[in-house]
Amino acid sequence: MKQKIYQALENVFILENKKNIIESGIVKKIDVLKDEIRIHISLYNPTMHIKKKLKKDILKSIKYKNLDTKKICLKIEIKLRRNTDQKISGIKNILAVASGKGGVGKSTIATNIAVSLVKMGFHVGLLDADIYGPSIPLMFNIEEDKIHSSILKKKNNSYVMNPITSYGVKIISLGFFSKSGEAVVWRGPMATKALRQFIHDTDWGPLDFLIVDLPPGTGDIHLSILQDIPLKGIIIVSTPQKISLSDVHRSVAMFRIRSIQVPILGIIENMSFLLENKTKEKQYFFGKNGVKNFSKKMNIFFLGEIPMLQEIREYSDLGVPVVLENDQIRKIFEKITKNIINKLS
Ligand code: ADP
């Protein structure tokens with residue numbers, strides 16, 4: 001029986017690999033039990049469509065050998081070949097900012113953490129990987145003309161990308177490659193390829209920190225980034241209400257998949273409360289302590305809370321990081337940034 005299964009699996013190939021799945025060594029174990037045949041596979045390609053296709057091909061091939069597919073239990077474990085050991089030369093710490101939902105302030109927070117780090121004297125880069133809405137160029141007031149005239153440069157006979165520096169932060173964004181108001185559909189594999197180039201083919205120079213602003217949610221693109229970039233840690237952003245936290249829960253589960261295991265440095269609560277101008281009373285618009293309670297439950301460090309403030313939105317729209325203009329917010333971000341550095345060490 002086992003022999004027949006092996007023969008069936010020898011007729012299954014995975015994309016981009018000319019070897020069959022037995023030759024390529026991804027079939028780890030076959031257990032023939034009384035009522036069940038368990039096939040254990042470790043897949044190094046994290047994309048869901050590859051996993052689905054593989055399942056379909058295996059079952060087809062087994063059926064072809066006149067074996068009963070009802071007995072087959074396929075266990076496909078996605079193993080990421082994480083590059084954590086393969087450092088990117090010149091970059092000391094790569095951190096990602098993630099959220100469950102869009103619109104919770106992830107990019108605003110990535111921006112102000114990056115600028116706070118610059119203010120502390122660090123060399124900082126920011127990679128805007130938000131394929132759904134790269135907003136970093138706007139938040140840093142980077143004009144389109146500047147992008148097109150200076151994004152590529154020649155180095156050692158080949159072209160490399162040249163980050164654009166704004167408020168002391170070296171920036172590369174997917175938004176640099178589309179005109180404002182123009183729809184760009186970055187499909188998974190294309191976005192992954194572009195991001196890989198942004199990381200590896202950009203002349204970042206020496207950096208203490210490279211902050212990666214991830215797209216919201218969980219998906220193939222996240223798994224690819226986690227596999228491809230030697231991340232030191234993840235910073236999660238959420239607003240306090242249930243709707244936002246339920247999506248964060250999924251993100252946390254993804255970062256904690258056994259084969260990924262990127263350390264979560266902590267979670268930041270954004271839009272914690274609204275400050276009543278006259279009375280200075282705090283109004284808990286989205287509920288009180290939602291993220292704090294979640295962090296305790298999930299055993300994630302609470303990095304700090306940021307109030308909901310009109311000025312934050314206004315400076316964002318103007319393309320000025322609010323930490324440069326508002327003292328109260330500057331102090332809050334300073335504390336959060338110090339917490340992140342402490343967590344790293
Ligand atoms: P995300 O990256 O999660 O999609 P953004 O950072 O783009 O979210 O923020 C969405 C909107 O909310 C922006 O207009 C931003 O200026 C605003 N915003 C973010 N945080 C705050 C805050 N604490 N107070 C007021 N407005 C905020």
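Ligands are counted one by one from 1 in listed order, and the atoms in each one are counted from 1 as well.
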What about [X]: any of its N or O atoms under 3.5 Å from an N or O on ligand 1?
X	value
S316	yes
S107	yes
S99	no
L309	yes
V104	yes
K106	yes

Residue portion contacting ligand 1 (non-hydrogen atoms closer than 4.0 Å) for N270: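 Side chain only.
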What part of T108, side chain, backbone, both or neither, has a heavy atom within less than 4.0 angstrom of ligand 1?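 Near ligand 1, T108 shows its backbone as well as its side chain.
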Less than 4.0 Å from atom 21 (C) of ligand 1, is there any heavy atom belonging to the protein?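 For atom 21 (C) of ligand 1 the answer is yes, since some protein heavy atom falls inside 4.0 Å.
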Top protein contact for atom 18 (N) of ligand 1, by heavy-atom distance: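 Minimum-distance protein heavy atom for atom 18 (N) of ligand 1 reads M271 CE, 3.9 Å.
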Identify the protein heavy atom lying closest to atom 8 (O) of ligand 1, giving its residue, its atom name and the separation to 0.1 Å.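 Among all protein heavy atoms, the one nearest atom 8 (O) of ligand 1 is G105 N, 3.0 Å.
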For V322, does its backbone N or O pair with a side-chain atom of N326 as donor and acceptor, under 3.5 Å?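 No, the answer is negative, given that no donor and acceptor are paired below the 3.5 Å cut-off.
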Hey, is K55 close enough to D57 for a salt bridge, meaning N to O under 4.0 Å?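 Salt bridge between K55 and D57, a charged N being under 4.0 Å from a carboxylate O: no.
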Minimal non-hydrogen separation, I172 against P163, with atom names: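 Looks like CD1-CA, 3.8 Å.
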Heavy atoms only: which of M308, R313, M139 is nearest to atom 26 (N) of ligand 1?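 Among M308, R313, M139, the closest heavy atom to atom 26 (N) of ligand 1 comes from R313.
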Between V320 and Y167, is there a side-chain heavy-atom distance shorter than 4.5 Å?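 SC-SC contact between Y167 and V320 confirmed.
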Does the side chain of L231 come within less than 4.5 Å of L95's, by heavy atoms?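 L95 does not reach L231 side chain to side chain.
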Regarding K296 and the six-membered ring of F302, is the cationic atom NZ or CZ under 6.0 Å from the ring centre and inside 45° of its axis?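 Verdict for F302: no cation-pi partner in K296.
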Measure from NZ or CZ of K288 to the centre of the six-membered ring of Y284, then state whether that distance is under 6.0 Å and the direction lies within 45° of the axis.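 Output yes; distance and angle both within limits.
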Can you list the atoms of ligand 1 that are under 4.0 Å from a heavy atom of I312?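 This gives 21 (C), 22 (C), 23 (N), 24 (N), 25 (C), 27 (C) as the contact atoms.
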G103: numbered ligand 1 atoms lying under 4.0 Å from its heavy atoms: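 Every atom of ligand 1 under 4.0 Å from some heavy atom of G103: 1 (P), 3 (O), 4 (O), 8 (O).
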Is the centre of the F177 ring less than 6.0 Å from the centre of the F198 ring?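 Ring centroids of F177 and F198 are less than 6.0 Å from each other.
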Looking at ligand 1, is there an atom of it that comes within less than 4.0 Å of some heavy atom belonging to P307?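 P307 counts as a contact of ligand 1 under the 4.0 Å cut-off.
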Applying a strict under-4.5 Å side-chain criterion to I, L, V, M, F, W and Y, I'd like to know whether I267 and I341 cluster together.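 Result: yes, single cluster for both.
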Euclidean distance, I171 CD1 relative to T202 OG1, rounded to 0.5 Å: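 CD1 of I171 is found 12.5 Å from OG1 of T202.
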